[in-house]
Amino acid sequence: MMSAKLFKMSPRKVAEILKSHLDNQIDWIEKIDIAGPGFINFFIKPTAWYPVLHDIHQKNNDYGRCDIGKDKIVQVEFVSANPTGPLHVGHGRGAAVGDIIGNILSFCGYKVIKEYYINDSGRQIKTLGRSVYLRMLDLLGRTVDFPEDCYQGDYILDIAKDILQSKGKELGEWDTEKAIVYCSRVAADVILDGIRTDLRQFGVIHDTWFSEQTLYDEGKVDAAIISFKNKGIVYEHDGALWFKTTDYGDEKDRVVVRANGLTTYFASDIAYHKDKVDRGLDWIIDIWGADHHGYVERIQSVMKALDVDIQRLDIILIQLVSLLRNGEPVAMSTRSGEFVTLKQVIDEVGTDAARFIFLTRHYDSHLDFDLELAKKQTNDNPVYYVQYVHARISSILTKAEAEKGITTIQPSDSGLERLTAAEEIDLMKRLVEFPELIKLSAQMKEPHRITFFLMDVASLFHAYYNQHRILSDDIELTHARLYLVSAIRTVIRNGLTLLGVSSPHKM
RNA sequence: GCGCCUGUAGCUCAGCUGGAUAGAGCAACGGACUUCGAAUCCGUAGGCCGGGGGUUCAAGCCCCUCCAGGCGCGCCA
C-alpha cells in the first residue's frame, strides 16, 4: 500500500501483481490472499514451523541469543542510592529494571558493566554522621536537639549503639567535628554493606562500585572544572562558577562551585560522566528515578560539551512505585523514618515474585505494588502462572521417563508433521518470535516485553495442555509432542533466566 | 507559571516503534478434575483508546490545543 503512490496504481492492483509473481513460487506457502484495501495474506504451511523446534533443541540455553552488540562495551548504572539509609521499594524497581536490561544486552552480545555510583561525599553524608552522633550523645544521657533535617530512622539508632559498643564512651569526649566525620564514615560503610547484602538477596550483583569521593581524591572534579573553564564553558558570576548549559538547550545555567567554595552535586556528576567517557565506554545507560528528570538536560549538556555523540548516552527514568496492602496504600514517610524497605518486601513476597512484578509494567508507568497480591499463588500473580508452565512440563518429562521409559526424545519427521492442532501451530509461531523479541527488548531497552511474552506463551501452553494429552499410547505422536513441550520449557526458562527469576521443576 | 511522564473495558495494564473487526488478567455470571500437576482451562458479557482540531490511502500510536492525575523546577542531593 505504501508503494501505491510510487507506482501510480491502486493498492489492490499492486497486490494482485505481487501475488501473481509469488504464487506457487515458495514451497512453505500454502496460499496467498488479498484482503481489504490491499493487504496480502500469506498462509504458511504447518510444516514450515517445525524447524524452530530443532533450532530450540539445538541451541538450548542459547536460543534467543544474538550478537547485535558486537562486543561493544555498555555500562548500565543503576540503583546508586545514597548510602544514608536502606533501599526501599522504589530502588527495587530500578534494581530490577537495570539488572535485567543488563542481562538482555549481555545476551545480545554486548560487554555489559553493571555499575553502582556511591554518593559518599557531600552534605548528606555529613548529615548522616551528625544524625548518628546526636543519637549517640542521646544514648550517653546528654539532652540534645534532634533536628528535623536529620535522618530519623531506627537504623540510625542501631548504628549509634554499635559505634558506642565498639568505640566506647570516649567518642563522646572527642572534638565534635572529628566525631561526626568518624560517624559519617562508619555509618556510610555499614549502610552500604546493608545495601550490598539486600541487592545480593535480590539477585543483583554490580560489577563495579564507583565512589564519588574518589573523584575528589584523585582531583578529577577539579580537573574537569578547569578543563571546561579553559574552554569557556565554565565561567564565574556572582562569586560562583557556572556551567553554560544554556548553550546546549538547558533553560538556565547551573552552578558548579558555590560562592562559599563548595562544589555542587552537579560538579562531581560532570567529573563522573567525563570519567565514563574517558573509560572508553561505547554506550552509557543511566537509570534514574523519574523524580530526577529535571537533571537529564544537564547531563546531556555535559556530553555535548565533551563533544560526545549524544547517542552514546541513554537516560532511563523509572516511574515511582506505590506500595499497597490489599489495595490500601502503605504509609511511607522518609522524614519520620517509617517506610517499608526492599528487604522487608522480598522477605515477605520472595525475590522471584518481586522481580517479576516490577517488570509487569513499562517503566514509564506508575506501579502499584500490592504486597498481598504478590504473595497470592493464583492467576492474579503472573510469576507463578509462568513458573507453573516450567514445573508442569518438567513433571510431564519425568512422567514420560517413569511410565513410558522415554529418556531421550526422538521425534520422527512424520511424527512432527502430526503437530497440526491450532494450539500447536500457535505455540510454534510464538516460540519462533523469541529471538526477535529479545532483540527488540534490547534495542528499545524495554525489559517488560519479555514478561508479557512469557505470560502469553504460558497462556497458550496451559490452554494446549487442557485440550490435548501429551503422553499417550501413540508413541510417534508422544515423541513429537514431548519435543514441542520441552522446547516451550526451554524458551520459558531462557526468558525467566534473563529476568533473574528461577525456573522451578516443582512448586 | 514552565518542563517531563501518564490517561485504552468496572479495576490493573499490553498494544511489536502508522496498518485490517483495539487485546490480556482481575472482578461478575455459567461450565470442566476417575485420565500427564485445577497454582489450570472453556464460555458469556464488557470500549467515543481523556475532549477537540490536524497530517495520512490508513492514527490508540505522529503534530497542535485543552482537561485530569503524578513528578520535577535551589549557589540541595
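Naming: A, B, ... by sequence-line order, numbering from 1 per chain.
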Geometric class of the A:Trp209/A:Tyr116 ring pair [parallel <30°, tilted 30-60°, perpendicular >60°]: parallel
Reckon [X] touches a base, only the sugar-phosphate, or nothing at all at heavy-atom distances under 4.0 Å?
X        : result
A:Asn41  : base
A:Arg123 : sugar-phosphate
A:Ala400 : nothing
A:Ala463 : sugar-phosphate
A:Asp370 : nothing
A:Tyr295 : base
A:His390 : nothing
A:Ser395 : base
A:Leu320 : sugar-phosphate
A:His293 : base

Salt bridge (charged side-chain N to carboxylate O under 4.0 Å, His left out) contacts touching [range] (sequence neighbours left out):
range                       : answer
residues 466-488 of chain A : A:Lys404-A:Asp473, A:Arg418-A:Asp474, A:Arg418-A:Glu476, A:Glu424-A:Arg481
residues 85-96 of chain A   : none
residues 237-247 of chain A : A:Lys244-A:Asp247

With sequence neighbours left out, write down each residue that passes salt bridge (charged side-chain N to carboxylate O under 4.0 Å, His left out) with [X], or none if nothing qualifies.
X        : value
A:Arg298 : none
A:Lys304 : none
A:Asp364 : none
A:Asp189 : none

Length of the CD1-P vector between A:Ile492 and B:G37, whole Å: 17 Å
Suppose you measure atom [atom1] in [N] against the same atom in [M]; what distance do you get, rounded to whole Å?
N     : M     : atom1 : answer
B:C13 : B:G70 : P     : 15 Å
B:A59 : B:A20 : P     : 11 Å
B:C62 : B:C71 : C1'   : 25 Å
B:C73 : B:G10 : P     : 37 Å
B:G50 : B:C42 : C1'   : 35 Å

Residues, nucleotides or ligands: over 12 heavy atoms within 6.0 Å of A:Lys445 NZ: yes
Residues from residues 420-430 of chain A lying under 4.0 Å of RNA chain B - heavy atoms: none
Contact residues, residues 243-256 of chain A to RNA chain B [heavy atom, < 4.0 Å]: A:Glu251, A:Lys252, A:Val255
Non-neighbouring partners of A:Asp352 that pass side chain to side chain donor-acceptor pair (under 3.5 Å), sequence neighbours left out: A:Gln387, A:Ser502
Nearest-0.5 Å distance, OH of residue A:Tyr464 to CD1 of residue A:Ile488: 7.0 Å
Close N or O pairs between protein and nucleotides 45-47 of chain B (under 3.5 Å):
none

Heavy-atom side-chain contact between A:Tyr151 and A:Gln124 under 4.5 Å: yes
Heavy-atom side-chain contact between A:Asp253 and A:Tyr235 under 4.5 Å: yes
Partner of A:Leu454 by side-chain contact (heavy atoms from CB on, under 4.5 Å), out of A:Asp456, A:Ile450, A:Thr451: A:Ile450
Toward the 5' end of RNA chain B, by each residue's nearest nucleotide, A:Leu367 or A:Asn119: A:Leu367
Salt-bridge criterion met for A:Glu77 and A:Lys276 (N-O under 4.0 Å): yes
Watson-Crick or G-U stems involving RNA chain B, each at least 3 pairs long, distances under 3.5 Å, ordered by first number: B:1-7 with B:67-73, B:10-13 with B:23-26, B:28-32 with B:40-44, B:50-54 with B:62-66
[N] OP1/OP2 closer than 4.0 Å to side-chain N/O of [X]:
X        : N     : value
A:Arg298 : B:G3  : no
A:His448 : B:G15 : yes
A:Tyr385 : B:C41 : yes
A:Tyr265 : B:A77 : no

Residue A:Phe452, side-chain atoms from C-beta onward, closest of B:C13, B:G72, B:C16: B:C13
